[in-house]
A.B. asks: 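Please read through the structure below; I'll follow up with questions.
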Amino acid sequence: MQKILIANRGEIALRIIRTCQEMGIETIAIYSEADKEMPFVKAATMAFCVGEPPVNKSYLQVDKILEIAKREKVDAIHPGYGFLSENATFAKRAIEEGIIFIGPNPATIELMGDKIISRQTMEKAGVPVVPGSGCGIKAIEEAIVLADTIGFPVMLKASGGGGGIGMVFCEDEQALVKSFAQTKARAMAYFGSDEVFIEKYIKDARHVEVQVFGDSHGNIVHLFERNCSVQRRHQKVIEESPSPCLSDHSRNMMFETALKAASAVNYTNAGTIEFIVDEKENFYFLEMNTRLQVEHPATEMITGLDLVKWQILISRGERLPLLQDEITLSGHAIEFRLYAEDPVRFFPSPGKISRLEWSHSAGVRIDSGYDEGSVVTPFYDPMIAKVIIHNETRVKALEEAVRFFKDLKIEGIKTNAPLFLNVLTDNDFQKGKYTTSFLTKKLVN
Amino acid sequence: MKEITASMAGTVLNIFTTKGNQVQLGQEVVMLESMKMEIPIESTSEGLVLDVKVSIGDFVNEGDVLIVLE
């Protein structure tokens with residue numbers, strides 16, 4: 001494999017370029033008109049503009065991207081996360097053109113992309129799923145009957161959903177009625193399908209996910225778990241590995257279950273099995289992400305492995321570099337997603353980063369998409385960087401994180417850095433006792 | 001004549017009023033989606049809707065006119 005096209009932007013494009021450089025692989029970046037000054041464009045071996053700033057005119061332009069891939073004779077496409085990474089048609093068309101798609105096969109992407117079918121598949125494989133609909137719900141009457149059977153409150157979700165969009169919490173029947181049509185309309189607007197389903201709302205839950213990897217020789221391993229319970233708008237803000245306050249028994253059960261789930265779909269390449277964990281540590285399958293995860297560096301820091309390298313090796317047909325018992329865990333890693341947004345109301349805050357100074361020290365990794373002087377445009381996800389801190393213990397990692405965010409100087413845009421300092425000094429967070437409602441509750445108080 | 005403009009660039013996700021409707025000050029008239037966030041646009045005054053300049057799915061830039069009031 002000599003040349004890879006990266007169908008993404010920002011920090012993840014840079015992240016993939018870094019591994020490619022280490023492996024002696026050339027990179028082709030694609031960019032929108034809004035991104036022409038971005039660091040990833042300059043870091044790639046070559047870069048080509050794919051269109052106007054809005055995503056559907058640039059990063060989602062399947063035909064244009066494939067045309068560049070063919071013209072530049074790339075061997076493979078790395079889709080990163082978001083954008084086309086879980087688009088089965090894109091993966092299939094790349095393969096038809098003789099280009100390797102760095103990810104699982106298109107059939108698996110399609111299967112796991114439909115949240116109702118993935119639930120059915122996992123149930124059949126003996127993986128516990130959140131109580132809820134076995135199929136899509138057409139009418140509100142149907143929704144009410146089902147919600148009554150499983151018991152309120154419930155979550156109403158878009159079957160084609162993801163990234164925290166298209167999910168609504170419904171306290172009671174009245175709320176369900178109020179949200180039903182709106183959620184269907186929103187699902188249609190975002191995902192091109194208005195199919196929705198219902199799941200029981202799990203109170204005081206934690207979001208814990210297991211990183212898995214499979215090769216084309218039938219081997220599947222896990223790379224431990226990540227706790228991603230600090231969320232706003234159902235989107236992750238802080239992730240850590242290993243998960244605090246989780247018994248060894250539950251962790252091992254989750255690893256076993258994740259391997260069972262991945263085996264059930266003959267999974268290849270990098271994937272994540274997301275679980276929701278209740279107060280008693282009962283856990284249920286939520287969804288499977290068939291791509292590299294934003295928070296993969298937390299896993300890299302505790303295992304010392306390069307997950308992008310593994311993805312490339314596996315996509316060339318090689319075996320997994322390590323067996324399960326050769327994969328070890330060391331210390332504690334915590335990742336913070338630095339967003340260009342108001343730290344209180346979470347509204348986006350685009351603009352020019354006029355000052356950006358952060359301290360580099362041992363155990364601190366910064367995966368940034370922007371430099372000082374870069375402009376955060378209003379067209380894409382507001383994440384500007386990920387800060388990953390690794391240390392011998394969780395306590396030491398948190399102390400290092402406090403130092404980092406106290407020293408961080410960022411001007412020109414608002415960021416959520418002040419929020420991190422609040423979280424890091426919070427008693428419950430320090431004890432590792434927090435659930436997905438942590439941020440909402442803290443903000444109310 | 002008054003104009004309600006987009007507070008930031010984004011995609012029009014929903015429009016809550018039509019031509020000929022009366023809107024109140026502070027009423028949500030348009031929902032924009034920007035940077036994975038839904039951003040409600042509120043009416044900056046009360047009045048009769050003379051024209052809705054955008055459709056659902058349109059991409060608007062900051063400052064673009066969304067709705068014209070009498």
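A, B, ... follow the sequence lines: proteins, then strands. Residue 1 opens every chain. Computed from a prediction, not measured in an experiment: that's the story for all the values here.
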A.B. asks: What are the two closest non-hydrogen atoms of B/A9 and A/P378, and how far apart are they?
C.D. replies: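 Where B/A9 meets A/P378 most closely, the heavy atoms are CB-CG, 3.5 Å.
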A.B. asks: Is there a side-chain contact between A/P348 and B/I39, using heavy atoms and a 4.5 Å cut-off?
C.D. replies: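 Sidechains of B/I39 and A/P348: in contact.
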A.B. asks: Going from CE on B/M37 to CZ on A/F347, what distance comes out if it is rounded to the nearest 0.5 angstrom?
C.D. replies: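 Going from CE on B/M37 over to CZ on A/F347, the span is 4.0 Å.
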A.B. asks: Mind checking the OG1-CZ spacing from B/T11 to A/F379? Nearest 0.5 Å is all I need.
C.D. replies: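 B/T11 atom OG1 to A/F379 atom CZ measures 10.0 Å (nearest 0.5 Å).
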A.B. asks: Would you say A/K414 has more than 12 foreign heavy atoms packed within less than 6.0 Å of its NZ?
C.D. replies: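 Open: at most 12 neighbouring heavy atoms sit under 6.0 Å from NZ of A/K414.
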A.B. asks: Would you mind reporting whether B/E38 and A/R186 have side-chain heavy atoms less than 4.5 Å apart?
C.D. replies: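 With C-beta onward as the side chain, the pair touches.
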A.B. asks: Measuring heavy-atom distances to chain A, does B/E62 have an atom under 4.5 Å in its side chain, in its backbone, in both, or in neither?
C.D. replies: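 Neither part, no heavy atoms under 4.5 Å.
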A.B. asks: Answer whether the closest heavy-atom distance between the side chains of A/V376 and B/M35 falls below 4.5 Å.
C.D. replies: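 Yes, at least one pair of side-chain atoms sits under 4.5 Å.
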